[in-house]
Amino acid sequence: MTKLAIVTGAGRGIGEAIAKRLSSDGFSIAVVDIDGKNAKKVAQQINQNGGNAKDYNIDVSDRDSVFATVNQAVKDLGELFAYINNAGVAFIDSILDSSPSDIKRLLDVNLLGTYWGIQAAGTQFKKQKSGGRIVNAASLAGVEASALQSAYSASKFGIRGLTQAASKEFAKDQITVNAYDPGVVRTQLRDNIDKKTSKIKGISVEQQQKDVLKEISLGREATPEDVANVVSWYVSSQASYITGQSMLIDGGMHFS
């Protein structure tokens, strides 16, 4: 029977690349996104390429919706094997200028959305008594905090903590919990970050991107597929003995 992978924030960017990569690995895919049109488009593309996917339109900050989606996806597509907590948002601003509404929304989606995903997936895995894989989206900003991204950095540090705590609680059930820490990945989210950062710094977007590129040892930005490759490995049999870890995917920006 085909194994099910649920990927949140899969309507574009890194999540889309993860969904398509895991489909090519043989998983049935639940394409979950707050943008229903994007989710439907990605699911259709997977199906057109010979995969098996269904789209689900939810906001991951709504705990009841996350649990309902897991239950429905299992009914639609089969036994759950991997849950990818990829959905996330970001905003750029100084600590003093960050608005309460922006901070709350970011923490609700990034941190609580990941928490609900861990709860829902863990509940289903325990029900199945099958073990499983949970993979969370952290960030380089959750390893080394970024100026102008205080709330984002806090959420990603929190996700790394959640990953470690969940891995310890779930290990006895053979459920592994890991995280991936992307650096600079060229997506629509990154485009928006560069535009706002360049405006605050009073430089052009092109200069902002050149400045960041200087910090990357390999001399290029990551692609969404670079990140998807790591997620693919996390959910493979090769990573069955790996849990509680966070892997940097940053081309050599930070060394620990």
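FYI, side chains are in, hydrogens and waters are out, and symmetry mates aren't considered; it's all heavy atoms of this structure. All figures in this text were calculated on a predicted structure; none of them were measured in a lab.
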- Message: Between K156 and A137 (side chain of the first, backbone of the second, donor and acceptor by atom type, cut-off under 3.5 Å), is there such a pair?
- Response: yes
dist E225:CD -> I14:CD1 (nearest 0.5 Å) comes out at 10.0 Å
Rounded to the nearest 0.5 angstrom, the CZ-CZ distance for R21 and F27 is 10.5 Å
dist L4:CG -> L77:CG (nearest 0.5 Å) comes out at 5.5 Å
Tightest non-hydrogen contact, residues F157 and V143, listed as CZ-O, 3.5 Å
Nearest heavy-atom approach of G244 to S167 is CA-OG, 3.3 Å
Exercise for review: List the steps and the verdict of salt bridge (charged side-chain N to carboxylate O under 4.0 Å, His left out) for K195 and D191.
Suggested key: CA-CA 6 Å; K195 289 176 184 176; D191 290 341; over 6 Å; no
Do other residues, nucleotides or ligands put more than 12 heavy atoms under 6.0 Å from K129 NZ? no
**Report entry** R160 side chain vs A179 backbone, donor-acceptor pair below 3.5 Å
**Finding:** no
Shared hydrophobic cluster for V231 and F125 (ILVMFWY, side-chain gaps under 4.5 Å): no
- [ ] Check the surroundings of atom NZ in K41: do more than 12 heavy atoms from other residues, nucleotides or ligands lie under 6.0 Å from it?
- [x] yes
Original post:
Can you find a heavy atom in the side chain of W116 that is under 4.5 Å from one in the side chain of T114?
Top reply: no
- prompt: What do the steps show when you test D181 against S139 for side-chain contact (heavy atoms from CB on, under 4.5 Å), and what is the final call?
  reply: CA-CA 4 Å; D181 304 337; S139 172; 5.6 Å; no
Using a 3.5 Å distance criterion without hydrogens, assess whether the side chain of S153 forms a donor-acceptor pair with backbone atoms of S150. no
**OP:** Could you tell me whether a side-chain N or O of N47 sits under 3.5 Å from a main-chain N or O of A43, the two making a donor and an acceptor?
**Re:** yes
What one should report as the nearest heavy-atom pair of A10 and V7 is CB-O, 3.3 Å
Could you tell me if the side chain of F91 sits less than 4.5 Å from the side chain of Y152, heavy atoms only? no
Quick check against the 3.5 Å criterion: does T163 have a side-chain atom that pairs as donor or acceptor with the backbone of I159? yes
Throw together a table of side-chain donor-acceptor distances under 3.5 angstrom for residues 49-56, partners on residues two or more places apart or in other chains.
| residue | atom | partner | partner atom | Å |
| --- | --- | --- | --- | --- |
| N49 | ND2 | Q45 | O | 3.1 |
| N52 | ND2 | S28 | OG | 3.0 |
| Y56 | OH | D76 | OD2 | 2.8 |

key: From CA spacing to verdict: side-chain contact (heavy atoms from CB on, under 4.5 Å), I92, Q149   = CA-CA 6 Å; I92 300 296; Q149 296 188 62; 3.4 Å; yes
Separation between CG (N136) and CG (N86), nearest 0.5 Å, reads 10.0 Å
Any side-chain to backbone donor/acceptor pair from D250 onto M253? Under 3.5 Å, distance only. yes
Look at the side-chain heavy atoms of Ile, Leu, Val, Met, Phe, Trp and Tyr, link any pair under 4.5 Å apart, and say whether L189 and I249 land in one connected group. no
Same cluster (ILVMFWY, side-chain, under 4.5 Å), I118 and I6: yes
In short, S240 meets T176 closest at the heavy-atom pair O-CG2, 3.9 Å
Here the ring-ring contact (aromatic ring centres under 6.0 Å, His included) pairs for residues 200-248, sequence neighbours left out, are none
Taking every heavy atom of A87 against every heavy atom of G9, the minimum-distance pair comes out as CB-N, 3.7 Å
Donor-acceptor contact below 3.5 Å, side chain R63 vs main chain Q119: no
ask   = Considering residues, nucleotides and ligands other than F170, do more than 12 of their heavy atoms fall under 6.0 Å from its CZ?
value = yes
Salt-bridge criterion met for D226 and R220 (N-O under 4.0 Å): yes
Q: Count the heavy atoms belonging to other residues, nucleotides or ligands that lie under 6.0 Å from CD1 of I200, then report whether that count exceeds 12.
A: yes
- Are any non-hydrogen side-chain atoms of V70 and Y83 less than 4.5 angstrom apart? yes
| said: Is there a side-chain contact between R190 and V212 in this structure, where contact means two heavy atoms from C-beta onward sitting under 4.5 Å apart? | reply: yes
Taking the side chain as everything from C-beta on, heavy atoms only, tell me whether N229 gets closer than 4.5 Å to Y180. no
Quick one: do L140 and L106 end up in the same hydrophobic cluster if we chain Ile, Leu, Val, Met, Phe, Trp and Tyr together by side-chain heavy atoms under 4.5 Å apart?
no
request  = Measure from the side-chain N and O atoms of S155 to the backbone N and O of N110, and report whether any donor-acceptor pair falls under 3.5 Å.
outcome  = no
* Asked: Is the closest side-chain heavy-atom distance between E221 and L213 below 4.5 Å?
  -> yes
**Message:** We want to know whether S94 and D97 form a side-chain donor-acceptor pair, criterion being a heavy-atom distance below 3.5 angstrom.
**Reply:** yes
Here the gap from I84 atom CD1 to I18 atom CD1, rounded to the nearest 0.5 Å, amounts to 6.5 Å
Flag, side chain of Q245 to backbone of T243, donor-acceptor distance under 3.5 Å: yes
When rounded to the nearest 0.5 Å, the distance separating CZ of F67 from CD of Q72 is 15.5 Å
message: With a 4.5 Å cut-off on side-chain heavy-atom distances among I, L, V, M, F, W and Y, is there a chain of contacts connecting L22 to I134?
response: no
Verdict with reasoning, S98 to D93, per side-chain hydrogen bond (donor to acceptor under 3.5 Å, both in side chains): CA-CA 6 Å; S98 295; D93 224 333; 5.2 Å; no
Exactly one of V66, I58, N57 clears side-chain contact (heavy atoms from CB on, under 4.5 Å) with V32, and that residue is I58
Measure from the side-chain N and O atoms of D173 to the backbone N and O of I175, and report whether any donor-acceptor pair falls under 3.5 Å. no
Go through the steps to decide whether R105 and D59 satisfy the test salt bridge (charged side-chain N to carboxylate O under 4.0 Å, His left out), and finish with yes or no. CA-CA 11 Å; R105 177 59 182 164; D59 182 340; 3.0 Å; yes
Exercise. Do V135 and V235 have side chains that get closer than 4.5 Å, going by heavy atoms?
Worked result: yes
Would you say the side-chain atoms of Q44 and Q48 include a donor-acceptor pair closer than 3.5 Å?
no
Item to complete: Please indicate whether K210 has more than 12 foreign heavy atoms, meaning atoms of other residues, nucleotides or ligands, lying under 6.0 Å from its NZ.
Response: no
Nearest heavy-atom contact between A138 and P182 is O-CD, 3.6 Å
Note, R186 side chain near D194 side chain (heavy atom, < 4.5 Å): yes
Please lay out, stage by stage, how S61 and L112 fare under the test side-chain contact (heavy atoms from CB on, under 4.5 Å). CA-CA 6 Å; S61 69; L112 288 181; 5.7 Å; no
message: N71 vs K127, test: side-chain contact (heavy atoms from CB on, under 4.5 Å). Steps then yes/no.
response: CA-CA 11 Å; N71 291 335; K127 186 188 303 183; 4.2 Å; yes
